[in-house]
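Computed from heavy atoms alone, side chains included, the values below leave out hydrogens, waters and symmetry copies. The structure presented is a predicted model; accordingly, all values stated were derived computationally and were not measured. Numbers here simply count residues along the sequence, with the first being 1.
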Amino acid sequence: MPSYTPPVRDLQFVMHELLGAVDVLKRKPRHAEVDADTMNAVLHEAGRFAAEVVAPLNLPGDREGCTFDKTTHEVTAPQGFKAAYGQYVQGGWPALSCDPEYGGQGLPLLLNQCLFEMLNAANQAWTMYAGLSHGAYECLHAHGTPEQKTLYLPKLISGVWTGTMCLTESHCGTDLGLLRTKAEPQPDGGYRLTGEKIFISAGEHDLAENIIHLVLARLPDAPAGSKGISLFVVPKVLAKPDGSLGERNAIRCSALEEKMGIHGNSTCQIVLDGAHGALVGEANKGLQAMFVMMNAARLGVGNQSLGLTEVAYQNAAAYAKERLQMRSLSGPKEPDKPADPIIVHPDVRKMLLTARAYAEGGRAVAMHTALLIDTYLSSDDADERRDAEDVVALLTPIIKAFFTDNGWIATSHCLQVYGGHGYIAEWGMEQFVRDARINMIYEGTNTVQALDLLGRKVLGDNGAKLKKFGKWVRDLIEAEGTNEAMQEFINPLADLGDKVTKLTAELGMKAFGNADEVGAAAVDYLRICGHLVFAYYFARMARIALDQQDSGDPFYAAKLATARFYFAKLLPETAGLIRSCRAGVKPLMEMEAALF
């Protein structure tokens with residue numbers, strides 16, 4: 001059975017040494033009282049909860065799965081899930097970064113990011129019940145009426161109610177403009193919703209007393225396409241104005257999806273049969289409102305793969321140090337034993353270091369993104385808020401797609417380290433691979449994220465958002481350009497930055513002539529940009545490690561070695577990706593469809 005040790009030391013390194021987060025936050029009135037001791041205490045307690053309460057449920061929860069009662073339409077989560085969720089609620093974890101006006105603790109979102117990285121590493125399927133609720137809270141907090149906020153937010157913040165997002169239908173998938181669920185206005189100002197939704201994570205379960213569904217649907221007079229979508233809040237159990245529960249609403253689970261992974265989470269088919277709902281935000285502008293939750297979910301999915309990358313690495317590294325097999329090519333390293341541990345073999349190290357680098361690079365990016373969200377939510381400076389929001393918008397598709405692609409690579413590598421044992425369920429590695437695979441698909445496939453990055457976030461504003469991140473890169477290059485010890489990091493970073501600038505201009509010109517050029521290049525382009533982002537943060541982390549390399553702390557030696565591995569062995573991938581981008585659309589489209 002796999003184990004999990006919360007990476008608290010690395011979380012603290014990123015929070016305090018890389019980001020200087022406490023000083024950044026204390027400049028914001030909302031977080032003026034934040035201090036390092038509080039942040040560290042939360043990290044330690046969150047890690048303890050993840051490792052001791054949630055992680056032991058991961059393997060048995062995957063084996064047991066969820067149980068669906070066709071008569072009552074109720075779903076029972078695996079054994080232990082409900083009790084763990086009760087401890088989660090009792091500990092106040094759902095309220096960590098929520099608005100104090102509605103019962104939240106008002107702590108930085110940065111802490112919530114760290115909490116959920118550790119929970120996802122411990123048990124992705126369990127964490128999805130809690131994670132979606134935070135997205136529902138954010139959506140209603142941003143777009144709900146005062147009455148909706150008063151009714152729903154305290155319950156979501158406390159965790160006694162959970163939330164979902166009901167978007168997808170069997171015929172439309174990502175193309176939400178095709179959805180058919182209808183919302184009929186009622187004399188009392190409410191709506192009756194009728195339709196079917198699929199792939200609804202945590203859509204029905206026994207962990208909480210009520211589930212608040214955020215549902216996309218069409219009004220009778222709605223225009224066609226995505227411009228005719230409205231958002232509604234539809235509770236499983238109707239609530240009275242005082243928050244007490246009333247009668248059961250006409251929304252139910254009709255079946256559980258049988259799926260490849262995340263067996264411990266109830267992925268539901270949902271039927272609405274005249275269910276009571278209330279409009280959230282403006283009519284026919286539901287996608288704009290739902291994007292609050294969708295963007296939160298995209299960051300959350302990236303966090304899922306970050307967690308899986310970390311836990312897979314930890315277990316594979318421990319196994320590689322113990323598993324004896326063959327001798328080192330350069331001669332026995334442990335001659336008193338019948339064979340050397342496989343950690344001596346270069347390719348085993350390459351697989352382990354790939355996972356480690358993707359975990360440590362991803363952690364830095366994810367935590368800084370959370371700090372940027374804290375900035376645009378709490379800063380008094382309009383320019384600072386706008387710049388932070390723009391960089392978050394740029395990084396969101398990268399976090400969702402690059403992290404999840406990396407998670408698939410890393411978990412597969414870590415399974416490979418185990419050899420045949422990795423394919424056997426009792427070791428837990430094959431579950432990490434299965435669970436990681438969905439993250440590349442849901443909340444917008446990684447191709448959709450790539451199209452969003454290149455088409456909307458970069459070319460759509462003539463590179464304005466990319467230039468803001470590019471300024472960070474240039475500032476680092478200028479600051480360290482004459483530092484001899486930093487050249488192995490700065491030179492490749494500068495080179496890739498120049499190449500991304502040129503490639504972006506080329507793709508923009510091609511897109512004027514043929515929009516399919518964007519589709520042909522987008523996936524490769526996102527991965528190139530992902531490496532640019534990781535290279536920037538690894539260069540900054542390497543600078544800190546170089547300053548501390550004489551301290552005797554092995555943490556900094558490991559950080560420096562990981563950064564060197566990243567620049568030497570992973571960043572060169574960008575050369576082939578750039579060539580692929582420049583190959584254009586012709587090799588993809590010249591074959592007639594009938595020949596496939």
Other residues, nucleotides, ligands: >12 heavy atoms within 6.0 Å of Arg582 CZ: yes
Aromatic ring proximity Tyr536/Phe469, centre distance under 6.0 Å: yes
Whether over 12 other heavy atoms sit under 6.0 Å from Gln416 CD: no
Lys259 vs Ile262, side chain to side chain contact (heavy atoms under 4.5 Å, CB included): CA-CA, chis, key distance, verdict: CA-CA 8 Å; Lys259 52 192 188 293; Ile262 54 171; 3.5 Å; yes
Any donor-acceptor N or O pair under 3.5 Å, side chains Gln431, Asp435: yes
Atom pair CD (Glu184) and CZ (Arg192), whose distance is rounded to the nearest 0.5 Å: 11.0 Å
Lys468 NZ: over 12 foreign heavy atoms closer than 6.0 Å: yes
Test item: side-chain donor near acceptor, Tyr566 and Thr354, under 3.5 Å: no
Sub-4.5 Å side-chain heavy-atom contact between Cys414 and Met429: yes
Note, Lys569 side chain near Leu353 side chain (heavy atom, < 4.5 Å): no
Criterion salt bridge (charged side-chain N to carboxylate O under 4.0 Å, His left out) on Asp390 and Arg386, from CA distance to verdict: CA-CA 6 Å; Asp390 282 349; Arg386 183 172 54 253; 5.5 Å; no
Distance-only donor-acceptor check, side chains Tyr442 and Gln304, under 3.5 Å: yes
Centroid-centroid distance, His531 to Phe534, less than 6.0 Å: no
Thr164 vs His213, side chain to side chain donor-acceptor pair (under 3.5 Å): CA-CA, chis, key distance, verdict: CA-CA 5 Å; Thr164 77; His213 301 280; 2.8 Å; yes
Chi angles and distances behind the side chain to side chain contact (heavy atoms under 4.5 Å, CB included) call for Ser226, Leu176: CA-CA 6 Å; Ser226 60; Leu176 295 173; over 6 Å; no
Short side-chain to backbone donor-acceptor contact, Glu310 and Arg363, under 3.5 Å: no
Side-chain donor-acceptor contact under 3.5 Å, Ser580 with Asp524: yes
Nearest-0.5 Å distance that lies between atom CG in Leu216 and atom CD in Glu169: 9.0 Å
Inter-residue atom distance Thr267.OG1 - Glu204.CD, 0.5 Å rounding: 13.0 Å
Donor-acceptor under 3.5 Å (Arg385 side chain, Ser379 main chain): yes
Check: Glu517/Asn514 side-chain N/O donor and acceptor closer than 3.5 Å: no
Heavy-atom side-chain proximity of Lys510 to Val585 below 4.5 angstrom: no
Met440 side chain reached by Thr445 side chain, heavy atoms, under 4.5 Å: no
Any side-chain heavy-atom pair of Glu138 and Leu109 under 4.5 Å: yes
Distance-minimising heavy-atom pair for Ile398 and Cys529: CD1-CB, 4.0 Å
Lys28 vs Asp380, salt bridge (charged side-chain N to carboxylate O under 4.0 Å, His left out): CA-CA, chis, key distance, verdict: CA-CA 7 Å; Lys28 312 295 185 290; Asp380 290 333; over 6 Å; no
Lys502 with Asp498: basic N within carboxylate O range, under 4.0 Å: no
Electrostatic pair Arg180-Glu196, nearest N-O below 4.0 angstrom: no
Carboxylate-amine/guanidinium contact Asp461 Arg456, below 4.0 Å: no
Residues Arg527 and Asn446: side-chain donor-acceptor under 3.5 angstrom: no
Side chains of Thr181 and Arg218 in contact at under 4.5 Å (non-hydrogen atoms): no
More than 12 heavy atoms from other groups under 6.0 Å of CD on Glu590: yes
Spacing of CD1 belonging to Ile212 relative to OH belonging to Tyr137, to within rounding of 0.5 Å: 15.5 Å
Over 12 foreign heavy atoms within 6.0 Å of CD, Glu282: no
Minimum side-chain heavy-atom gap Asn439-Phe403 below 4.5 Å: no
Working for ring-ring contact (aromatic ring centres under 6.0 Å, His included), residues Trp472 and His368: CA-CA 13 Å; Trp472 295 0; His368 194 194; 5.3 Å; yes
Any Cys166 side-chain heavy atom under 4.5 Å of Leu214 side chain: no
Met260, CE: over 12 other non-hydrogen atoms inside 6.0 angstrom: yes
Asp347/Lys350 salt bridge by N-O under 4.0 Å criterion: no
Interatomic spacing from CZ in Arg474 to CG in Leu476 - rounded to 0.5 Å: 12.0 Å
Distance (rounded to the nearest 0.5 Å) between Leu167 CG and Glu443 CD: 7.5 Å
Ring centers of Phe489, Phe538 separated by less than 6.0 Å: no
